[in-house]
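Written out below as structure tokens is the structure these notes cover.
Letters go in sequence order (proteins before strands), and every chain restarts at 1.
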There are 2 protein chains.
Amino acid sequence: MADQHELRDKGLRLTPQRELVLAAVRALEHATPEEVAERVKSTHPGINLSTVYRNLETLENVGLVQHSHLGHGGVRYHASTEEIHAHLNCESCGTIIEVPIDATASFTQSLLDGYGFHTDLAHLAIAGRCESCFNKP
Amino acid sequence: MADQHELRDKGLRLTPQRELVLAAVRALEHATPEEVAERVKSTHPGINLSTVYRNLETLENVGLVQHSHLGHGGVRYHASTEEIHAHLNCESCGTIIEVPIDATASFTQSLLDGYGFHTDLAHLAIAGRCESCFNKP
DNA sequence: AAGTAAGTGCAAATCTTTCGCAATTAGTGT
DNA sequence: ACACTAATTGCGAAAGATTTGCACTTACTT
Ligand SMILES: [Mn+2]
Ligand SMILES: [Mn+2]
Ligand SMILES: [Zn+2]
Ligand SMILES: [Zn+2]
């Protein structure tokens, strides 16, 4: 069972496209499918955008990558190996601040206590204003 | 200055379409543009979807409605008169739990203290699992 | 080495939101 | 009541993002 490659271990075929998509997600952090495709093309120019989409979905199904929504809804992918973190997204300048999940623990605990809700703060960003944007017109 | 109608008070022309869009947002709560259009059509079948989009934007510009992102990023509109609240969105069953903003105050304060970030919890939903979905396969 | 199902490329289809433009209409002033 | 002007609307087309059908290719199995 324990194969020799992480993709095969998950029951997936090992294709150059798939490996490159996974590598790109890992290298880029918070990348859109478009950005992943762009990156893969530097090594494998022929890759098709739909292949990127399909592989992102496949990799997410086996738990190697995850998506989240920053800004106003666009999808972005990151590797599952990254530390879990929440995203603070400034609505003025677009800056993303990463917040370790520990810093959110008491909040998520209060949602559990108050509403029985098991929070996944990684999936959607938290909107607002960064310090410098807040101190402007 | 103080006109006789809330739309005119905001400097907007009073059209049947605009009134109906505002009424639909108020009636529906968390409605997509598509759902707003659907509702308006029951009274005003001829309304065009682009008119709905344009009016939602206009109404948002003058502060009568606001949008937020529930689920996986889709836009939804609600009336500004509703109490400000955060949304907990169950990723399994789609349920939306509304949380009064007071219940989130200590969390947003901690983001301000720790990151200088002025949080707007109403804009994006918080993802997770509701109690009953959590207690399932 | 051959067979099979998974994966890929390509083009077309969807879906959602935006845009240009000519026709209509609300608000203003006679 | 009538005319004027700019805002608003309807419509069709465009744009951007993601999905799909299908024939061809390729990774893995035997
Ligand atoms: Mn938004
Ligand atoms: Mn999502
Ligand atoms: Zn900012
Ligand atoms: Zn649920």
Same cluster for [X] and [Y] if Ile/Leu/Val/Met/Phe/Trp/Tyr side chains link at under 4.5 Å?
X: B/I126; Y: B/F117; result: yes
X: B/V40; Y: B/L56; result: yes
X: B/Y115; Y: A/I96; result: no
X: B/L70; Y: B/I97; result: no

Separation of atom [atom1] in [X] from atom [atom2] in [N], rounded to whole Å:
X: A/K10; N: C/dA6; atom1: NZ; atom2: C1'; value: 19 Å
X: A/L56; N: C/dG7; atom1: CG; atom2: P; value: 14 Å
X: A/H67; N: D/dA17; atom1: NE2; atom2: C1'; value: 14 Å
X: A/E19; N: C/dG7; atom1: CD; atom2: P; value: 13 Å
X: B/R18; N: C/dA26; atom1: CZ; atom2: C1'; value: 10 Å
X: B/I47; N: C/dT25; atom1: CD1; atom2: P; value: 14 Å
X: B/D9; N: C/dA26; atom1: CG; atom2: P; value: 18 Å
X: A/N55; N: C/dG7; atom1: CG; atom2: P; value: 8 Å

message: Other residues, nucleotides and ligands only: do more than 12 of their heavy atoms fall within 6.0 Å of CD1 on B/I84?
response: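 No, not enclosed.
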
Side-chain donor/acceptor of B/T119 to backbone N/O of B/T108, under 3.5 Å: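 No: the side chain of B/T119 does not pair with the backbone of B/T108.
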
- request: Kindly state each residue pair satisfying ring-ring contact (aromatic ring centres under 6.0 Å, His included) with at least one member in residues 15-51 of chain B, sequence neighbours excluded.
  value: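 Qualifying pairs, neighbours excluded: B/H30-B/H85, B/H30-B/H87.
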
- request: Would you indicate what A/H72 reaches in the nucleic acid, counting non-hydrogen atoms under 4.0 angstrom: base, sugar-phosphate, or nothing?
  value: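 Nothing, no nucleic acid heavy atom in range.
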
query: How does protein reach along nucleotides 12-24 of chain C, written 5' to 3' as B (base within reach of a heavy atom under 4.0 Å), S (only sugar-phosphate), or - (no contact)?
result: ----SBBBB----

Pick out the pairs of N or O atoms, protein on one side and nucleotides 23-27 of chain D on the other, that lie under 3.5 Å.
| from | atom 1 | to | atom 2 | distance (Å) |
| --- | --- | --- | --- | --- |
| D/dA27 | N3 | A/R13 | NH1 | 3.2 |

message: As a test of understanding, state which of B/R18, B/E19, B/Q17 forms a side-chain hydrogen bond (donor to acceptor under 3.5 Å, both in side chains) with B/N55.
response: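 Testing B/N55 for a side-chain hydrogen bond (donor to acceptor under 3.5 Å, both in side chains) against B/R18, B/E19, B/Q17 leaves exactly one candidate, B/R18.
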
message: Holding to side chain to side chain donor-acceptor pair (under 3.5 Å), I want the full list of residues that pass it with B/R39, two or more places apart in sequence or in another chain.
response: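 With neighbours one apart ignored, the set is empty.
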
task: May I have all residue pairs that pass salt bridge (Lys or Arg N to Asp or Glu O under 4.0 Å) and include part of residues 125-137 of chain B, sequence neighbours excluded?
output: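 Passing the test, one end in residues 125-137 of chain B: no pairs.
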
Sub-4.0 Å heavy-atom contacts from residues 23-32 of chain B onto DNA chain C, ordered by number: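 Per residue number, the list is empty: none.
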
query: B/Q17 has a side chain; which of C/dT8, D/dT9, D/dT8 sits nearest to it?
result: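 Ranking C/dT8, D/dT9, D/dT8 by closest atom to the B/Q17 side chain puts D/dT9 first.
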
- request: Say whether B/H123 and B/H67, considering side chains only, have a donor N or O and an acceptor N or O under 3.5 Å apart.
  value: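 Short answer, yes.
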
